Visitor: 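Below you will find the structure I want to go over with you.
As the structure is a prediction and not an experimental result, all values here were calculated from the model. For ligands, and for the atoms within them, numbers begin at 1 and follow the listed sequence.
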Amino acid sequence: MKKLFVAWMVVGIALFGYALRLYPPVDNPRVTSTFGEYRPLGSRGPHFHMGVDFSTARRIGIDIKAAADGYLDRVVIDKDDIYGYVVILVHEGGYKTLYAHMSDFAPAVKEITDDLEREFNGERVVVQFHPDDIVFKKGEVIGKSGSTGEAMKPHCHFEVRDEGEKVSYDPMLFLVGVPRPIDERVVIDKISVDSTVMSFVDGGEYEFKGDFPKLEILAYSIGNGNRLGLKDIKYYLNGTLIYELSFSKIDWLDFGNVSYVYDGEKSRMNVEEYVAWYRLYPIDMEANLSMIKVNRFPEVKRFPDVSNIKIIMEDAWGMKKEAKIILRRVEN
Ligand SMILES: [Zn+2]
């Protein structure tokens with residue numbers, strides 16, 4: 001009986017938290033970037049990727065559709081910002097969906113924005129709508145794909161925010177009908193201990209200095225031929241979970257705090273490749289970031305001379321990979 005009650009509570013929380021069901025904003029959805037990825041560039045500086053990218057087969061003019069029933073909250077036209085042409089809808093529960101890099105808006109929206117665009121000629125325009133103004137049904141076309149803003153190629157950037165737009169959630173928590181990539185796999189490619197980069201060998205032994213190893217990993221998920229950011233990384237020291245990075249939601253106050261999670265010296269991104277090095281240690285013991293779910297480094301203080309490390313990585317579709325290494329202290 002008690003068990004059943006607990007189970008109901010868990011279901012209740014899950015439903016309460018993410019009750020909104022969203023459908024992919026493009027037909028034949030293929031995810032090309034995941035939530036929480038590292039973005040080294042942009043007019044706003046290095047930052048976290050606050051949404052999911054869907055392929056539009058590198059084409060401009062593909063239909064972008066409302067992910068659920070809702071009303072138009074606002075439209076942003078800003079060629080100099082990272083997002084370019086943006087549509088933001090409001091749905092049940094106050095959740096908002098955002099669609100960026102668009103090339104064009106739906107006719108009802110265009111009637112209003114075309115005049116403003118001419119009037120303000122290249123300046124940032126934000127048009128706020130009233131809930132009764134323009135309503136969209138799930139699947140209705142809200143605009144066309146493009147590469148406005150700082151998109152390296154045409155695609156649809158899709159975001160989910162809370163009512164106050166204080167946090168963005170991983171859209172995968174809400175999305176239904178996004179197929180798993182057929183080539184899906186989780187990869188740990190390289191490892192860095194105290195700034196020495198080495199190939200990763202499962203069960204391998206690595207040396208470290210000082211109180212704890214400055215451990216970093218080059219790890220990712222493969223999906224549709226792309227390297228995708230991971231959803232979750234758990235780090236165990238001698239069987240105890242001491243550090244966890246988890247990308248379920250990111251506070252907008254943390255938008256630029258990428259250096260806590262990624263090593264900016266080693267990480268990079270361009271059209272050809274996405275290389276993201278995850279830091280598996282806190283650069284600031286007191287830091288309280290939305291994606292650092294567990295940090296027991298302040299309690300552990302000093303690793304044993306021989307430390308058994310287990311790392312469990314998980315991707316956006318829940319595929320897991322476990323890696324084990326031994327870290328041996330060589331000097332103080
Ligand atoms: Zn994006």
Side-chain angles (χ1 to χ4, degrees), residues 22-26 28-60 62-67 75-89 95-104 142-161 165 167-175 178 181 220-221 223-231 247-252 254-258 261-262 267-276 290-291 315-317:
L22 298 175
Y23 294 84
V26 294
N28 307 312
R30 273 196 316 124
V31 171
T32 55
S33 286
T34 54
F35 182 74
E37 284 185 7
Y38 176 67
R39 290 292 177 270
L41 303 168
S43 55
R44 303 197 213 171
H47 58 273
F48 289 105
H49 188 232
M50 302 297 268
V52 160
D53 289 343
F54 286 100
S55 168
T56 58
R58 301 194 174 209
R59 281 160 63 195
I60 292 172
I62 299 280
D63 286 347
I64 305 297
K65 300 174 173 185
V75 165
V76 183
I77 299 169
D78 190 344
K79 289 179 178 143
D80 298 325
D81 185 46
I82 49 175
Y83 286 148
Y85 286 40
V86 180
V87 168
I88 294 151
L89 306 182
Y95 287 107
K96 294 181 180 175
T97 55
L98 177 149
Y99 314 72
H101 311 309
M102 295 172 78
S103 62
D104 207 352
I142 57 167
K144 301 285 183 181
S145 69
S147 57
T148 54
E150 292 169 7
M152 290 187 290
K153 54 179 190 264
H155 68 272
C156 175
H157 172 92
F158 179 68
E159 227 169 86
V160 181
R161 296 178 177 180
E165 299 189 45
V167 300
S168 280
Y169 297 98
D170 180 0
M172 295 293 277
L173 296 168
F174 302 82
L175 282 163
V178 181
Y220 46 84
S221 159
N224 306 306
N226 292 301
R227 284 184 182 185
L228 306 172
L230 296 170
K231 168 87 183 166
F247 301 94
S248 288
K249 64 175 183 182
I250 298 178
D251 195 313
W252 273 86
D254 292 335
F255 178 70
N257 288 335
V258 277
V261 172
Y262 297 105
S267 304
R268 62 184 182 276
M269 180 176 193
N270 53 47
V271 180
E272 285 83 37
E273 58 176 2
Y274 174 59
V275 177
S290 40
M291 69 295 295
D315 76 3
W317 289 268

Visitor: Suppose we only count N/O/S atoms under 2.8 Å; would His49 qualify as near the Zn ion (ligand 1)?
Guide: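 Checking the Zn ion (ligand 1) against His49, an N, O or S atom does fall under 2.8 Å.
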Visitor: Ignoring hydrogens and geometry beyond distance, is a side-chain donor-acceptor pair present between Tyr99 and Thr97 at under 3.5 Å?
Guide: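 Thr97 and Tyr99 do have a side-chain donor-acceptor pair below 3.5 Å.
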Visitor: Can you list everything that forms a side chain to side chain donor-acceptor pair (under 3.5 Å) with Ser103? Sequence neighbours excluded, please.
Guide: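 Result, side chain to side chain donor-acceptor pair (under 3.5 Å) vs Ser103: none returned.
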Visitor: Out of Tyr262, Phe247, Tyr220, which one pairs with Tyr38 under the ring pair (Phe, Tyr, Trp, His ring centres under 6.0 Å) rule?
Guide: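 Among Tyr262, Phe247, Tyr220, the one meeting ring pair (Phe, Tyr, Trp, His ring centres under 6.0 Å) with Tyr38 is Tyr262.
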Visitor: Any N/O/S atom, side chain or main chain, of His157 closer to the Zn ion (ligand 1) than 2.8 Å?
Guide: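 Given the 2.8 Å cut-off, His157 counts as a ligand of the Zn ion (ligand 1).
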Visitor: What's the atom name of the N, O or S in Asp53 nearest to the Zn ion (ligand 1)?
Guide: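 Output for this pair reads OD1.
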Visitor: Examine Glu159 and say whether one of its N/O/S atoms is closer to the Zn ion (ligand 1) than 2.8 Å.
Guide: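 Given the 2.8 Å cut-off, Glu159 does not count as a ligand of the Zn ion (ligand 1).
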Visitor: Just jot down the side-chain contact (heavy atoms from CB on, under 4.5 Å) partners of Arg44, sequence neighbours excluded, or say none.
Guide: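 Once residues adjacent in sequence are excluded, the partners of Arg44 under the side-chain contact (heavy atoms from CB on, under 4.5 Å) criterion are Asp81, Ile82, Tyr83, Trp252, Phe255.
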